[in-house]
Amino acid sequence: MKKALSLACILYLTAPSLLIPQGTIAAAPANEVGRSDSDGKAEDKKDDEIRNVNIDALMLYGQYNRILWTGSLTQSFEAFTYQLKSDFNRSNDFGYKNSRYYENEIGFTGGADCTDKWKLTPVLEVNNESHGLFRNPFYTREEKDRVELELKSEYRPMPARWNFNIGGVYFIHRLDSSLYPDIYPVRPYHGSDFYRANAEIGWEYILSAANKFSFNSKFSQYFYSTSSDNDTFVANEFIWNFNVSEYLKFGMGPLYAYNRDGGHFVSGKIDVTTVNIKYVSVGASYTYELVPFIPEEFYFDQRYVKPSYSLSPGRGHHAAVTIGIDATTVSSKKFYLKKIKITSTGSFITNDRYYSYFSLPSLVLAPHQMKIAQAKAQGEAAIGLSVLAAYCELGGRYEYSYFYATDYVTYRPGHQVGGYLRLAVHRFEAEFSTAFRGSMQTSPFMKNTIRPALSGSLSLQFKVYESFFLYGRIDNIYNSRISTVYGYPVQGRTIMGGLRIII
């Protein structure tokens with residue numbers, strides 16, 4: 001069934017490109033014998049609609065019978081635009097028993113201009129994944145599914161603007177223990193799920209180019225299938241944005257939030273940013289906030305977990321400063337600086353109910369509550385050079401995090417460094433990236449670490465003809481022994497090759 005679903009997604013995305021006749025790409029004569037001008041205009045309009053189809057599909061196959069597919073289809077009309085996308089990644093056992101996995105994502109995003117002032121944006125996204133638990137004696141596989149649906153509506157009766165959004169999330173988590181049905185003397189865990197319904201209303205009124213008022217209200221309701229009590233969260237903010245000079249803008253206002261477990265919460269926020277300065281941006285912000293627990297993100301982003309849903313929101317301070325430089329130039333010179341981008345961010349966060357992870361006796365992770373203060377600094381830089389007919393881009397990033405907490409913060413490295421080199425020469429493109437991750441704590445109660453890890457990847461692309469490319473890729477090029485969760489290694493070096501089609 002899973003293979004059939006993946007094949008259907010591939011055919012669905014690639015079929016339009018196969019149905020477009022090659023002759024429609026070239027422009028037809030304006031007046032042929034036996035064809036009127038009105039017929040010609042109708043066919044020209046039809047050709048324009050066909051040209052509005054954009055397809056980007058990548059299909060790779062490699063070691064361990066690994067299959068990697070990414071694809072997107074975008075089409076725009078006079079009053080409607082949509083995008084379909086899909087990503088599929090699977091592998092058989094990669095040197096360890098019961099290590100096979102698959103990760104799949106499909107999505108749809110649309111945009112409809114109902115009137116000159118009213119726009120609708122439907123969004124649908126489905127994510128599911130399954131990972132083997134290696135030699136875990138209690139469970140054999142972990143499977144997760146997340147379905148998100150949202151309908152966004154924007155109405156602009158200037159000088160005001162309204163947003164009305166409704167949506168929901170369905171999340172299901174399963175731990176398969178079918179191979180060991182009698183391992184537990186008490187009731188075992190097999191799976192859990194929940195629904196979330198949400199609504200949002202936003203209002204914005206522009207007094208002038210330098211003054212603006214905005215109000216935003218969000219509501220979320222969780223319905224759990226387990227014994228956990230259903231949860232409610234409400235967040236409201238009223239913000240006044242105003243310019244104090246030609247180059248400086250302030251924003252401030254009160255916040256009100258309510259959570260069933262956290263009660264009522266009143267606070268505020270303030271931010272200041274630069275405006276009308278070319279290439280450079282500087283900003284600072286401070287918020288005292290009620291941070292809700294979002295299970296569909298917390299449990300989907302982490303592997304090998306056993307969910308618990310009765311978790312309260314945290315209260316804390318969040319201060320941040322950002323400095324950015326972004327410049328792009330175009331020149332006819334043989335050698336020139338085409339791109340430069342630098343971003344630096346510093347932040348300080350406190351939370352009286354921060355959730356980390358600890359390992360259960362069944363060798364899966366569960367949430368652990370603690371108080372935390374975190375100082376973080378991160379920077380990114382990229383520079384692009386155009387040399388004759390070639391383009392070379394070099395970029396890097398660095399992130400440092402310091403934690404002061406009541407217990408050890410798990411699975412959060414103190415240092416992360418990464419860099420990439422991208423080269424394009426005529427029909428050939430290559431990109432090499434590498435990253436270093438510092439050691440991570442695995443237990444909040446005792447000092448036990450996962451050693452640092454060095455990873456890298458290399459991708460090569462050669463343009464054969466028009467929109468047809470040969471593509472090769474190597475993941476974990478150093479063949480490093482990497483683990484993101486203690487006791488569960490990541491796939492080693494994997495070589496893949498295939499095709500890419502861009503229309």
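Taking the six-membered ring for Trp and thresholds of 30 and 60 degrees, Phe213 and Trp240 have nearly parallel ring planes, at less than 30 degrees apart. The aromatic rings of Phe171 and Phe300 sit perpendicular to each other, their planes meeting at more than 60°, with 30° as the lower class boundary. Between Tyr299 and Tyr309, the ring planes lie perpendicular to each other; the angle is over 60°, past the 30° to 60° tilted range.
For Val490, the side chain to side chain contact (heavy atoms under 4.5 Å, CB included) test picks out Ile482, Thr484, with sequence neighbours left out. Residues meeting the salt bridge (charged side-chain N to carboxylate O under 4.0 Å, His left out) test with Lys218, sequence neighbours left out: none. Residues passing the ring-ring contact (aromatic ring centres under 6.0 Å, His included) test with Tyr488, sequence neighbours excluded: Phe134, Tyr304. Under the salt bridge (charged side-chain N to carboxylate O under 4.0 Å, His left out) criterion, Glu297 pairs with no residue, sequence neighbours left out. By the salt bridge (charged side-chain N to carboxylate O under 4.0 Å, His left out) test, Arg315 is found to be paired with no residue, residues two or more places apart in sequence or in another chain being considered. For Arg100, there are no salt bridge (charged side-chain N to carboxylate O under 4.0 Å, His left out) partners, not counting sequence neighbours.
The two atoms that bring Asp261 and Leu311 nearest to each other are OD2-O, 4.0 Å, heavy atoms only. Among all heavy-atom pairs drawn from Thr121 and Gly110, the shortest one is CG2-O, 3.0 Å.
Of the N and O atoms on the side chains of Thr226 and Ser192, not one donor lies less than 3.5 Å from an acceptor on the other residue. A side-chain N or O of Glu200 and one of Asn216 form a donor-acceptor pair less than 3.5 Å apart.
With Arg260 contributing its side chain and Asn230 its backbone, the two residues share a donor-acceptor pair below 3.5 Å. No side-chain donor-acceptor contact under 3.5 Å links Ser386 to the backbone of Tyr391.
A side chain to side chain donor-acceptor pair (under 3.5 Å) with Glu296 is found for exactly one of Lys144, Arg146, Arg196, namely Arg196. Of the residues Asp231, Asn198, Thr232, the one that meets the side chain to side chain donor-acceptor pair (under 3.5 Å) test with Gln221 is Thr232.
Within 6.0 Å of CG on Asp116 lie no more than 12 heavy atoms contributed by other residues, nucleotides or ligands. For Trp203, the CH2 atom counts as densely surrounded, since its 6.0 Å shell holds more than 12 non-hydrogen atoms of other residues, nucleotides or ligands.
Between the CD1 atom in Ile383 and the CD1 atom in Ile340 there is a gap of 5.5 Å [rounded to 0.5 Å].
For Glu103 and Arg303, the salt-bridge test passes: some basic side-chain N is under 4.0 Å from an acidic carboxylate O.
Side-chain contact between Tyr224 and Pro307 is absent, with no heavy-atom pair separated by less than 4.5 Å.
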